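Before any comments, here is the structure.
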Amino acid sequence: MLDNNDTIAAISTPPGEGGISVIRISGANAFAVADHVFLGRTKLCEAPSHTAHFGKIVDEQGGLVDEVVVVTFRAPGSYTCEDVVEISCHGGYLVTQRVLERSLSAGARLAEPGEFTKRAFLNGRLDLSQAEAVADLIQSQSDAAYRSSVRQLSGELSRKIKGVRDELLNLASLLELELDFSEEDVEFANRKALQTRLEDAIMTVDELLASYSVGRVYREGVRVTIAGKPNAGKSSLLNAILGDNRAIVSEIPGTTRDTISERVSIKGVLFRLTDTAGLRETVDKIEREGVERAKKEAKEADILLLVMDLSEHDYNGTEPLYSELEDVCAREGVKLVRVWNKVDLYRTEAPRVPQNGYIFYVSALHGDGIDSLKNGLFNLVLGENLNESSVVVTNARHRDALSRARKSLGYALETLESGKSGEFVALDLRSGLNALGEITGEITTEDILNNIFSRFCIGK
Amino acid sequence: MNEGKYDIIVIGAGHAGIEAALSAARMDCQVLLMTMDIAAIGRMSCNPAIGGTAKGNLVREIDALGGEMAKIADATGIQFRMLNKSKGPAVWSPRAQNDREAYSVEARRHVESQANLHIMQDMVVQLFTEGGEVAGVETAAGIRIPCKAVVISSGTFLNGVMHTGLKSRIGGRFNEPPAIGLTASLEKLGFVSGRLKTGTPPRVDRRSIDFSQLEEQPGDQDPEPFSFQTLEVTKDQVSCFLTYTNQRTHDMLRTGFDKSPMFTGLIKGIGPRYCPSIEDKIVRFADKGRHQIFLEPEGRDTNVVYVNGFSTSLPAEIQCEAMKTVPGLEHVEMLRPGYAVEYDFFPPHQVKLTLETHLVGGLFFAGQINGTSGYEEAAGQGIVAGINAALRVKGENPFVLSRAEAYIGVLIDDLVNKGTDEPYRMFTSRAEYRLMLRQDNADRRLMKYGRKYGLIPSDVYDSLLEKERYVETLSSYVDAKSVPPAAVNSYLEQVGSAPITENEKLSQLVKRQDVSLSDLLKLEYFRSDSLPMEAAARADVVRQVEIETKYAGYMARQFEEIERFEKFESMQIPDGFDFRRVKSLSTEATEKLNKVKPSSIGQASRISGVSPADISVLMVYLH
Ligand SMILES: Nc1nc2c(ncn2[C@@H]2O[C@H](COP(=O)(O)OP(=O)(O)OP(=O)(O)O)[C@@H](O)[C@H]2O)c(=O)[nH]1
Ligand SMILES: [Mg+2]
């Protein structure tokens with residue numbers, strides 16, 4: 001359990017939102033830490049709660065890092081019920097990172113993902129479901145999350161959303177044209193064509209929404225459970241992938257009794273590996289529990305690594321234990337990857353190349369095949385879901401706006417199909433546009449009129 | 001002239017000035033209406049028509065508040081049409097062609113017969129203030145008149161300049177001198193002015209038009225009045241005629257481009273994009289082979305015809321030659337050329353939602369001075385300014401209409417928060433709560449205010465209350481009623497709607513595309529049922545219930561939005577709040593907020609340049 005009294009800091013806005021980023025500092029020393037890095041008109045230590053202060057963040061040499069707004073919250077009137085200082089800086093990955101680093105070097109500790117929320121929860125501020133909802137917003141430190149956010153910043157996501165928005169704007173303009181300028185000598189849009197175009201726009205929104213689940217991989221990491229019979233070399237495999245001796249390894253079957261989780265970054269994607277107790281039908285009470293837990297872990301995983309001693313290769317698949325796991329995976333939509341271990345012991349003619357991306361041959365002890373397994377894991381996650389350049393929605397706020405847009409566009413399509421007058425279609429089309437505008441920060445009414453005036457000759 | 005005789009002085013007797021003067025006088029203030037020419041009261045400067053999309057809704061709203069425009073238009077209309085009738089009820093809009101001469105005479109009659117309302121023919125050249133408040137005005141004749149409030153509704157007259165070709169003349173309207181002095185006086189007080197441009201087409205002689213080859217556009221068979229108080233309008237209507245320009249017209253117009261005050265840069269003011277001149281149209285939409293022209297008669301007893309769609313400031317000879325290439329106008333005789341007019345306006349961030357200026361207490365701006373165009377937009381501001389001037393004189397709470405209750409609310413809110421760089425015209429698409437702001441329910445939305453301020457007579461209000469009771473009775477009937485197949489199936493078949501197999505709720509049937517409540521209620525079955533007969537006999541009542549039932553789902557969604565909107569509207573920002581106190585606002589937001597001085601968080605959020613982050617900061621600060 002982490003010290004609940006120390007002062008923590010983290011970027012509390014999801015990366016890639018653009019505009020303003022907020023660095024939140026919480027804990028007994030929050031004000032002291034902030035005063036260390038912040039140069040404003042007043043000392044924050046002396047500032048009352050809920051006040052905003054304009055000033056600068058400076059580096060060790062006194063050089064300007066960013067101009068910021070700092071808001072103070074005194075305990076218990078804050079999100080975490082502790083003393084909290086929030087530094088709003090001008091977004092941008094590097095600037096935000098530097099402001100955070102300054103806070104850390106001034107004595108704050110980098111908060112664990114979800115730690116603010118955890119503290120709020122522990123201090124009785126949130127109920128569990130609220131805490132969970134907020135926690136979902138907190139981004140992991142995985143490199144890929146940054147890469148994805150950098151892509152957002154570079155504007156790929158906003159370009160894509162802008163594309164949909166422009167198209168919807170055109171549709172709205174065509175509808176409004178018919179309503180506000182019915183007396184004009186302009187050609188009005190064909191309903192069927194409007195419908196097709198609306199359907200296409202909805203499809204793009206759907207794609208963006210679907211990418212959010214892929215985006216989750218970036219935010220939270222890929223959950224990998226390592227399972228197999230006792231002594232198969234699961235703990236050894238975990239250590240090999242980590243490049244570190246984290247799990248206890250021994251020749252005694254049943255060494256691992258409790259699950260161990262570790263994080264590792266493979267080519268920038270965060271994997272959360274969980275080593276489990278060996279699977280075996282057993283009467284030993286403690287071990288039985290371990291088996292249950294392993295099955296449960298498997299269910300919550302994205303990928304199950306089934307580690308098997310290569311000596312079993314000949315009767316592969318006949319084990320009831322394995323089929324039990326296979327069933328769990330199939331049911332839960334978990335990807336099952338078979339890892340034949342201890343290839344160093346059995347110099348057989350058995351194939352050593354990965355098959356279909358789902359079978360690997362390794363020596364956890366000596367490291368053979370580990371790189372290829374790592375590559376395989378990476379490809380499994382990214383190869384199927386997205387290629388590096390595709391746009392991913394990683395931000396819960398964006399997703400929320402997109403799904404509200406989707407709902408409104410659904411209504412609009414329904415109305416269009418029913419043949420009702422344009423203003424009814426426009427009602428929901430506009431709500432959809434407004435929802436998308438929340439992401440790109442644009443207003444609608446003026447856009448529609450400007451669009452009409454620039455494209456159609458209006459006016460008697 | 002009695003010292004201290006007047007409470008309020010209204011400068012300018014156009015559509016805004018008339019409404020302002022009448023409403024203030026009816027609220028028991030002593031009002032002086034200043035006009036440079038008594039004969040020009042209520043003169044239609046441009047097209048001889050009232051209403052149209054969104055504008056018709058404004059007229060209905062003005063009427064519900066107790067204004068005059070609808071009544072004058074009803075009395076002087078020579079053609080009435082309900083636009084957009086093939087579409088949903090929210091975008092229906094009444095429009096009338098009016099007899100230009102009769103309109104002005106009728107307007108003057110209303111003004112001259114109003115108690116507490118005095119008229120004076122002179123030009124105001126200066127405004128006096130005392131301690132930041134209005135003290136009085138001085139006229140060109142040198143007369144100083146004290147008062148407590150002033151409404152300026154000067155139309156296009158402030159430093160007006162008219163252009164035809166490279167010939168410029170000063171003036172606010174054809175043959176009328178401009179108002180000089182007032183702009184300078186206001187600027188001296190700290191106001192900022194700008195320059196706008198609008199235009200008007202040539203007028204031609206009806207006898208020189210060959211109507212035989214033109215498309216006729218008659219009025220509606222069953223014309224509907226603008227005013228909720230008018231029982232009937234004339235059925236004896238006059239038609240308009242449609243024709244089109246062609247390539248030859250455009251070629252002829254192009255020969256005059258080197259003498260165009262627009263293209264040569266003589267005109268600096270910005271014109272409206274929705275009402276471009278014909279030369280603008282052929283330049284900006286060069287691939288369009290023809291442009292529509294409406295020939296609108298200016299009255300019953302006149303030969304003057306208004307060439308709608310042919311607004312231009314090209315040299316007079318070119319205007320005439322170009323018209324002669326248009327079918328029906330081959331032998332046209334031009335009575336007077338079109339022209340462009342430039343005039344001063346005061347960017348509207350300088351007024352509050354009451355139309356009172358921030359700078360000078362008791363000074364109100366209404367109409368084109370705020371950057372709008374159109375009679376209806378002007379009149380809508382006029383009545384709001386008049387009511388608020390009177391309320392101020394009486395020391396009572398101001399009157400503000402919200403975006404969710406009236407087009408007038410949308411209009412003023414847009415002007416104040418967004419400003420305008422072209423003459424602002426109303427469109428239905430500007431109203432986000434359009435489904436609620438219908439022309440058919442303006443009385444139900446706004447008459448309560450008209451009554452409150454004494455602008456709506458009690459008997460008129462009583463009949464609204466009666467209508468409300470009928471609506472309620474009929475809608476409970478429709479909601480509760482379940483009808484058997486036998487009662488309605490033959491009707492459903494007749495309108496091409498699927499028959500029902502078991503009892504169906506009446507409200508469900510009404511929701512169907514082709515089903516009409518008024519038709520349903522005429523069926524034999526309902527005659528012998530417990531139908532509230534009196535309510536069902538009133539077409540306006542049935543219509544209200546039908547609309548509210550048919551579109552209930554959409555209105556419910558709109559209503560949710562309105563509730564969200566109102567939450568932020570109700571978060572007040574104290575009067576005179578200095579936004580510089582909130583250090584964490586962005587520089588741009590601070591500047592814009594201090595300029596517009598919003599009175600609520602909701603209003604602040606609509607100011608361009610104020611981001612959602614700024615709004616959060618404000619909310620934290622004001623919390
Ligand atoms: N030769 C060889 N030995 C291995 C290899 N991998 C694991 N071992 C040995 O196998 C034994 C068991 O390894 P662990 O990693 O503890 O196995 P486990 O699956 O975690 O076992 P439990 O935790 O008991 O279920 C140890 O003695 C390891 O050194 C390998 O690739 N080659
Ligand atoms: Mg182990």
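Remember, it's a predicted structure, so these values are computed and weren't measured experimentally. First the proteins, then the strands, lettered A, B, ... as listed; each starts at 1.
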Would the distance check show the side chain of A:Asp180 and the main-chain N or O of B:Phe427 forming a donor-acceptor pair, the cut-off being under 3.5 Å? no

Checking the side chain of B:Asn84 only, and the main-chain atoms of A:Ser182 only, is there a donor and an acceptor separated by less than 3.5 Å? no

Have B:Gln513 and A:Ser418 got a donor and an acceptor in their side chains that come within less than 3.5 Å? no

Neighbour count >12 (heavy atoms, 6.0 Å) for atom CZ, B:Phe241: yes

Is the closest side-chain heavy-atom distance between A:Glu423 and B:Thr428 below 4.5 Å? no

Evaluate the ring planes of A:Phe424 and B:Tyr554, with Trp represented by its six-membered ring, and classify them as parallel (under 30°), tilted (30 to 60°) or perpendicular (over 60°). tilted

Okay, side chain of A:Ser421, backbone of B:Gly88: is any donor-acceptor separation there less than 3.5 Å? yes

So which part of B:Arg606 gets closer than 4.5 Å to some heavy atom of chain A, the side chain, the backbone, both or neither? neither

Do A:Glu176 and B:Arg434 sit within salt-bridge range, that is, some charged N less than 4.0 Å from a carboxylate O? yes

Please check if atom NZ in B:Lys511 has more than 12 non-hydrogen atoms from other residues, nucleotides or ligands closer than 6.0 Å. yes

Mind checking what makes side-chain contact (heavy atoms from CB on, under 4.5 Å) contact with A:Thr72, not counting sequence neighbours? A:Phe31, A:Leu44, A:Ala47, A:Thr51, A:His53

Top contributor to chain A contacts, counting heavy-atom pairs under 4.5 Å, from B:Asn47, B:Ile278, B:Leu83: B:Leu83

Side chains of A:Ser408 and B:Arg557: closer than 4.5 Å at any heavy-atom pair? no

A:Leu427 vs B:Leu435 side-chain heavy atoms within contact, under 4.5 Å: yes

Atom group of B:Tyr433 that falls short of 4.5 Å from chain A, counting heavy atoms: neither

Crowded around A:Lys420 NZ? As in, over 12 foreign heavy atoms under 6.0 Å? yes

Using the test side-chain contact (heavy atoms from CB on, under 4.5 Å), find all partners of B:Gln217 that sit at least two apart in sequence or belong to another chain. A:Glu183, B:Arg81, B:Cys240, B:Phe294

Portion of A:Thr415 that has a non-hydrogen atom of chain B nearer than 4.5 angstrom: both

